[in-house]
Protein chains: 2
Amino acid sequence: MTVSRVVNGDPRVKASTRERVQQAIEELHYYPNAAARALNSKRTMTVGLILPKIDYVLSEPYFSQLIYQIEQAISPYNYDILVVSGLHQNGKDLTRLYKQKKVDGLIIVGSEINDQRLIAISDNRIPAVLIHGRSELPGLSFVDVDNYKIIEFFVNHLSSLGHRRLGFITGDLTVVNAYHRLQAYKKALKDRSLPLDKTLICTGNWSAGSGYDAFLHFYGLSELPTAVISSNDHMAIGFLKAANEHQIAIPQDISLVGIDDIEMAQFTVPTLTTMRQPMEALASQAVDFLMESIKSEASERFSSILEAELVLRNSCAPARSS
Amino acid sequence: MTVSRVVNGDPRVKASTRERVQQAIEELHYYPNAAARALNSKRTMTVGLILPKIDYVLSEPYFSQLIYQIEQAISPYNYDILVVSGLHQNGKDLTRLYKQKKVDGLIIVGSEINDQRLIAISDNRIPAVLIHGRSELPGLSFVDVDNYKIIEFFVNHLSSLGHRRLGFITGDLTVVNAYHRLQAYKKALKDRSLPLDKTLICTGNWSAGSGYDAFLHFYGLSELPTAVISSNDHMAIGFLKAANEHQIAIPQDISLVGIDDIEMAQFTVPTLTTMRQPMEALASQAVDFLMESIKSEASERFSSILEAELVLRNSCAPARSS
DNA sequence: CTGTTAGCGCTTTCAG
DNA sequence: CTGAAAGCGCTAACAG
């Protein structure tokens with residue numbers, strides 16, 4: 001049909017015919033059948049968005065923001081997104097969606113360390129990009145934030161305020177990001193020749209509840225840290241809550257910082273000093289990389305590391321002169 | 001092919017052949033092509049999830065929870081979900097996804113009052129169900145929470161604590177839910193013969209910032225309300241923040257309640273009394289209704305109104321005897 | 001510039 | 001119980 005040409009913007013159609021067809025399309029509310037198109041064009045115009053395995057992630061507003069940003073970024077390409085939680089059965093085989101030809105590529109959020117699922121993706125040459133993850137696998141692109149810089153900045157910031165006992169609350173350590181942040185903490189202490197005290201490292205799992213527990217852990221120590229770096233805002237909020245219940249004042253007794261700049265960070269008492277994730281850039285880069293991978297059959301890798309932005313609020317104070 | 005029969009569990013295959021085919025499928029990592037299937041079976045095994053138009057929704061953890069629950073509920077049906085924000089262009093024509101044959105039906109979250117888009121859906125006999133919405137349109141099912149009961153309960157609760165000046169913070173009044181809650185507030189006051197003071201009704205938009213502003217509004221009044229009902233937790237948290245900054249103690253000076261029971265409601269100071277949304281039930285009912293509508297060509301309507309559950313925490317106190 | 005032919009990978013329907 | 005034929009709605013390649 002000539003219709004097909006009009007729909008696809010093929011120039012080889014007389015202007016007048018095009019007009020007539022356009023009009024008919026409008027009148028009949030005609031939409032081309034995506035399944036039929038996908039069947040022979042090998043393009044589904046859909047990408048899969050794989051959310052992390054851990055189940056509390058979706059209670060974090062952070063992820064819904066990300067979904068939103070990705071949707072915004074991909075919409076100019078006329079793509080839709082299929083959202084799959086890594087949690088359940090389907091998540092086991094990330095290649096399913098692609099092999100079924102339901103999607104042209106995958107965006108994977110917050111992959112785990114040594115995620116075996118990524119190998120299958122690379123082996124099958126599935127266009128894919130990781131957000132908040134890294135991989136050396138051929139064909140796998142990634143976009144991440146510079147975790148080292150974030151932590152290094154905070155360690156410097158806090159130690160320049162006179163703090164020497166810096167506590168650290170990790171995220172879920174099976175997740176790449178959490179691990180990097182912990183490494184960065186250790187390195188930064190070393191760089192500033194601050195002592196590394198293992199009791200000041202508390203393993204959390206990103207949830208507010210685990211931040212609450214982290215406070216309890218520190219509170220049980222013979223000496224409190226004078227400042228604490230939390231691997232995300234969520235845990236910092238839990239920490240704040242526990243501190244409040246135990247009459248430990250933030251920031252007077254303990255300075256506290258988080259990461260992400262979730263909306264709630266402005267509404268805590270005191271407001272939370274944190275690092276804002278460049279979420280829009282993260283999303284749009286990821287989308288651009290993925291579109292590039294889908295277009296070019298050659299499985300190139302793209303990657304970029306973005307910088308977080310400091311948001312200075314009221315949860316830090318100089319260390320008490322002792 | 002016999003393969004097709006095996007894949008679709010057709011019983012008319014010899015057991016031995018079935019085994020051999022199964023094995024080949026495993027070995028070759030074969031997955032049937034969804035586009036081809038969709039093309040002649042008229043089933044895409046995908047549903048569209050339409051999120052609200054308003055852009056701050058996605059900063060609410062509430063919605064990501066919902067996405068998660070829907071995903072869980074639909075996965076046994078072997079369906080995937082395509083997520084579309086109502087915000088941008090595509091949202092204008094909700095029928096697009098269906099007409100393109102990309103989805104078999106739609107789940108629409110938090111529709112607006114007199115949402116024109118719904119008419120097109122009904123007219124086109126697109127299987128659809130509203131979550132947090134109502135509609136009398138033929139073929140449109142819905143699942144909602146009993147907003148009247150929620151508000152009525154709170155009004156009774158607070159007035160039985162001796163409060164007579166009850167403030168109310170609305171959500172975005174273009175949204176069905178927000179409107180119902182406001183109506184319920186007015187009705188409940190009337191039922192208890194409490195005076196309706198318009199200055200005690202403050203129009204918010206669901207965001208924490210608007211809750212903050214609501215406090216400021218009440219604070220500017222010649223007399224503060226002694227208790228405030230916020231149409232969601234998010235705004236209650238903003239309110240809490242503003243109150244704290246102005247040395248108004250919650251609950252001593254003002255009692256406060258929210259709705260939703262978002263995770264943060266446990267981490268505020270004081271913790272927030274609220275109503276938990278039956279989110280899992282909401283999601284699974286919606287999915288069941290939708291699957292039913294998709295199966296039966298007859299455009300039946302299903303609906304159910306679920307009850308929220310009280311979560312009593314520390315943000316309410318008896319009114320001061322004056 | 002427009003129409004015809006063929007085929008994408010499946011699931012019918014109808015024969016064997 | 002298994003195979004062969006036809007067609008879902010589109011686009012690519014070729015004629016006209």
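A:Ile119 CD1 to A:Thr95 OG1: the interatomic distance, rounded to the nearest 0.5 Å, is 13.0 Å. If you take CZ on B:Phe289 and CZ on B:Arg301, they are separated by 10.5 Å, rounding to the nearest 0.5 Å.
The side chain of A:Lys42 has C:dG9 as its nearest neighbour among D:dC8, C:dC10, C:dG9. In this structure, the nucleotide among D:dC10, D:dG9, C:dC10 sitting nearest to the side chain of A:Arg37 is D:dC10.
With hydrogens and angles left out, the side chain of A:Asn33 and the base of D:dC10 share no donor-acceptor pair within 3.5 Å.
With rounding to whole Å, B:Lys102 atom NZ is found 14 Å from D:dC10 atom P. Atom-to-atom, CZ of B:Arg43 to C1' of C:dT12 comes out at 15 Å; the value is rounded to the nearest Å. Distance CG (B:Leu28) to P (C:dG9): 15 Å, rounded to an integer number of Å. Between A:Asn40 atom CG and C:dC10 atom P the separation is 14 Å, expressed in whole Å. We find that CG of A:Leu39 is positioned 4 Å from C1' of C:dC8, with the value rounded to whole Å.
Across all strands shown, A:Lys101 has no heavy atoms under 4.0 Å from either base or sugar-phosphate atoms.
A:Tyr30 has no side-chain polar atom (N or O) that falls below the 4.0 Å cut-off from OP1 or OP2 of D:dG9.
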Practice task
Report the C-alpha distance between B:Ile131 and B:Asp144 in whole Å, list the side-chain angles of each, state the deciding distance to 0.1 Å, and finish with yes or no for side chain to side chain contact (heavy atoms under 4.5 Å, CB included).
Solution key: CA-CA 6 Å; B:Ile131 293 186; B:Asp144 200 357; over 6 Å; no
Problem - salt bridge (Lys or Arg N to Asp or Glu O under 4.0 Å) between A:Lys295 and A:Asp104, intermediate numbers included - result: CA-CA 10 Å; A:Lys295 242 180 284 172; A:Asp104 296 337; over 6 Å; no
